[in-house]
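A short write-up of the structure that comes next.
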Amino acid sequence: MKRWSQFFIPTLKESPSDAEIASHKLLVRAGLVRKLSGGLYTFMPLGLRVMQKLSAICREELERTQPAHQRGGAIELWMPHLHPADLWEQGPRWAAAREIMFRTDHAGAGKGRSREPEFVLGPTHEEVITPLVKQEISSYRDLPKNFYQIATKFRNEIRPRYGLMRAREFVMMDAYSFDANDDGAIKSYLAMKAAYEAFFRRIGVQAIAVEADTGVMGGSFSHEFMVPAEVGDDDVIYSDSGYAANREKATSALVPKDLADAAPAGELEKFATPGVVTIAALAAAPYSVSGDAQFKTLVYVGDGKPFLVILRGNDELEEAKLGSLGFTLFRAATAEEIEPVLGAKPGSLGAVKGTIKNPAALAGIFADHAIRLVGNGVTGANEDGFHLRNVNVSRDLAITKFGDFRRVRTGEPCPVSGLPLQSKRGIEVGHIFKLGTKYADKFGAVYTDDQKQNHPMVMGCYGIGISRTLQAIIEQSHDNDGIVWPWAVAPFQIIVTLLDPLLPEAVQLAEQLAAAAEAAGADVLIDDREERPGIKFKDADLIGIPLRVTIGGKGLKDGIIELKARNSKDVLKVPVADAQAVLVARVRENAAKTLSAA
RNA sequence: CGGGGUGUAGCUUAGCCUGGUAGAGCGCCUGGUUUGGGACCAGGAGGUCGUAGGUUCGAAUCCUAUCGCCCCGACCA
């Protein structure tokens, strides 16, 4: 039980000028956080309470056994935040991840200690847990294992945004599973997916699991947990059949499986297109070649070597999908890099056999499946100011490999059901990856099976952005007056609004009811400030306490107190004699709802 | 890193174009009247106008540089 007058909840009437979105404004107005600097926030007492509730529920759900997936609960440990840089240099993603890591210098190390190892602040912990497990586990008898922690992560985000949404320092639950084989890794993965679903249900958040790109993390498959919200950074592509994927990963059934390759429509023919360097210009008069009848040729550089990506003229590249090609690092090529290889400037590029100036320099020519819909089309001649027509996909293009590289569009058929694809914005609050043996191979995390054979452990890794989830809850659950906390994560479940804090019988009743509610399992805040009622009601709404008990001299004269739920307009007047029983019943009812959600 | 915006009291801000004593509301302190949805009256404290140069008799205001913050983009485990 806390008394407002002796606690610390600095609320603001006005929104801070640097907050744009509702949840960010409310975070600050309700006194949950204060900004230190861009992307760095102090959790104020009220905000910390929410974090602690989220963490506690997260722990419970992770540690729960998952009989359906034959997995025990995850095991909590605590790893250093400061990592020797050479650990990362040994790992598989140093090149890709170094940009986002804060690095320490030798400040304070003093003279003569220049050999002090260099450190990075941990953005995630694969590089720490894998060597640990290599050292500690060597028998199949000790597998599977799943370790987790709830701790601070550091990422040098290029652009921190929206308060806790994208911060430089944030609280994350990260877990790492180790299995003897792929089958087991999938069980661990599914067990974690189930735990995530239970966690989000229980904290009162609508979060949907969507198929996701594995990105720098690598691995074979992954799901993101998204909270639908306009302010989210990600696009979720879904259909009414239940299919859902991050746009970076989403596919469609645009290209029929049984599509026959188009027969050549005629001889290759070069024609002059002076000054035409865009799909749109070629689509316009006098050429009038529609975008769907053009091949678009993009040049990228993967691990230092250029490669080509061919798309339908009207399609856009989904850059994340290039990750499937296996390059550690890739980027768009510059005009200076392109000309010596292809023989022309961007705008006149193509992949027709024999037109590429230096084909040996290429790491490959990768084509999106959808170009087969073009069949015969127009593409650049690798000669400035010229294009080729009657280019036939199978006859004329030297394609190394077909793949899915285009960005899907809404309205295209769902790959599962054929229903039209739709899209909405989402906040990524959790991510699960089946990693495979990428890290185990690199760090030598192997175990011996019952046949005395050594094998790499098969890993999975899992994250929930606890502090981001906190803000996502607010984004999803607020109104004009403030936050509307779900019962399970509210900093206090009950606020006793004491309108006459100097009236002894009111104080006594408040304490009695607060004690009874606490005994029933609720956290109670008594607003005992000597403020006008309006201020107390406004503050109670702003900080979003789910259930308000109002005790005032006026009501007591009539022998009543009031109960009001934050998410309802109804005010229930309760005789003082029944107040305790009614309140306790409400607490039990809410607690039961929360538990049954689990 | 590119584009845009912004920096004045604890918070929200006016003043800047057109240079001439730095203003308001909220909050805070004192006293009084109030007291069921952010009260009212009276009095008070609080500002090197982000920082550093420059122009000028004189700079919050004009110029230059620099730093911070916010938004868009790029990027994002």
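On a predicted model such as this, the values are computed, not experimentally measured, just so you know. Just so it is clear: chains get the letters A, B, ... in the order the sequence lines come, proteins before strands, and each one is counted from 1.
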Inter-nucleotide [atom1] distance ([N], [M]), Å rounded:
| N | M | atom1 | answer |
| --- | --- | --- | --- |
| B:A24 | B:C71 | C1' | 28 Å |
| B:G27 | B:U64 | C1' | 38 Å |
| B:U55 | B:C26 | C1' | 39 Å |
| B:A60 | B:G7 | P | 15 Å |
| B:A14 | B:U61 | C1' | 13 Å |
| B:C63 | B:A39 | C1' | 49 Å |
| B:U34 | B:C40 | P | 16 Å |
| B:U6 | B:C75 | C1' | 24 Å |

Check whether any side-chain nitrogen or oxygen of [X] sits under 4.0 Å from OP1 or OP2 of [N], and answer yes or no.
| X | N | value |
| --- | --- | --- |
| A:Tyr162 | B:C72 | yes |
| A:Ser17 | B:C70 | no |
| A:Lys554 | B:U35 | no |
| A:Arg166 | B:C76 | no |
| A:Arg161 | B:C72 | yes |

Residue whose closest nucleotide on RNA chain B lies nearer the 5' end, A:Arg168 versus A:Lys536: A:Lys536
A:Glu428 or A:Gly552, whichever maps to the more 5' nucleotide of RNA chain B: A:Gly552
Shortest side-chain distance from [X], nucleotide among [options]:
| X | options | result |
| --- | --- | --- |
| A:Glu157 | B:C26, B:G36, B:C76 | B:C76 |
| A:Ile158 | B:G36, B:C72, B:C1 | B:C1 |
| A:Glu319 | B:G36, B:C75, B:C69 | B:C75 |
| A:Arg159 | B:C72, B:G36, B:C69 | B:C72 |

So, does the side chain of [X] form a donor-acceptor pair with the base of [N] at under 3.5 Å?
| X | N | value |
| --- | --- | --- |
| A:Glu14 | B:G25 | yes |
| A:Arg29 | B:G38 | yes |
| A:Arg548 | B:G37 | yes |

Rounded to whole Å, please give me the gap between [atom1] in [X] and [atom2] in [N].
| X | N | atom1 | atom2 | answer |
| --- | --- | --- | --- | --- |
| A:Asp528 | B:U35 | CG | C1' | 17 Å |
| A:Tyr300 | B:A74 | OH | P | 11 Å |
| A:Glu169 | B:C76 | CD | C1' | 18 Å |
| A:Glu20 | B:U6 | CD | P | 14 Å |
| A:Arg532 | B:C26 | CZ | P | 14 Å |
| A:Ile495 | B:G36 | CD1 | P | 18 Å |
| A:Leu36 | B:C69 | CG | P | 10 Å |
| A:Glu318 | B:C76 | CD | P | 11 Å |

More than 12 heavy atoms of other groups within 6.0 Å of A:Lys134 NZ: no
What is the nucleic acid contact for [X], judged by heavy atoms within less than 4.0 Å: base, sugar-phosphate only, or nothing?
| X | value |
| --- | --- |
| A:Lys153 | nothing |
| A:Gly553 | nothing |
| A:Asp500 | nothing |
| A:Thr497 | nothing |
| A:Asp541 | base |
| A:Glu530 | nothing |
| A:Tyr462 | nothing |

Residue from A:Glu118, A:His83, A:Glu127, A:Glu126 passing side chain to side chain donor-acceptor pair (under 3.5 Å) with A:Trp88: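 Of A:Glu118, A:His83, A:Glu127, A:Glu126, side chain to side chain donor-acceptor pair (under 3.5 Å) with A:Trp88 is met by A:His83 alone.
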Partner of A:Asp18 by side chain to side chain donor-acceptor pair (under 3.5 Å), out of A:His24, A:Lys25, A:Lys35: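 That would be A:Lys35; it is the only one of A:His24, A:Lys25, A:Lys35 passing the side chain to side chain donor-acceptor pair (under 3.5 Å) with A:Asp18.
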Quiz item: cation-pi between A:Lys2 and A:Phe492, 6.0 Å / 45°: no
Does any nucleotide pair with [N] by Watson-Crick or G-U wobble geometry, both distances under 3.5 Å, and what is it?
| N | value |
| --- | --- |
| B:C62 | B:G54 |
| B:U6 | B:G68 |
| B:A39 | B:U33 |
| B:G47 | none |
| B:C75 | none |

Between A:Ser23 and A:His478, a side-chain donor and acceptor under 3.5 Å: no
Side-chain donor-acceptor contact under 3.5 Å, A:Asp539 with A:Thr11: yes
Which atom of A:Ile237 lies closest to which atom of A:Ser423, heavy atoms considered: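 Nearest heavy atoms, A:Ile237 then A:Ser423: CD1-CB, 3.6 Å.
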Salt bridge flag under 4.0 Å for residues A:Lys145 and A:Asp179: no
Flag side-chain contact, heavy atom, 4.5 Å: A:Arg247 against A:Glu318: yes
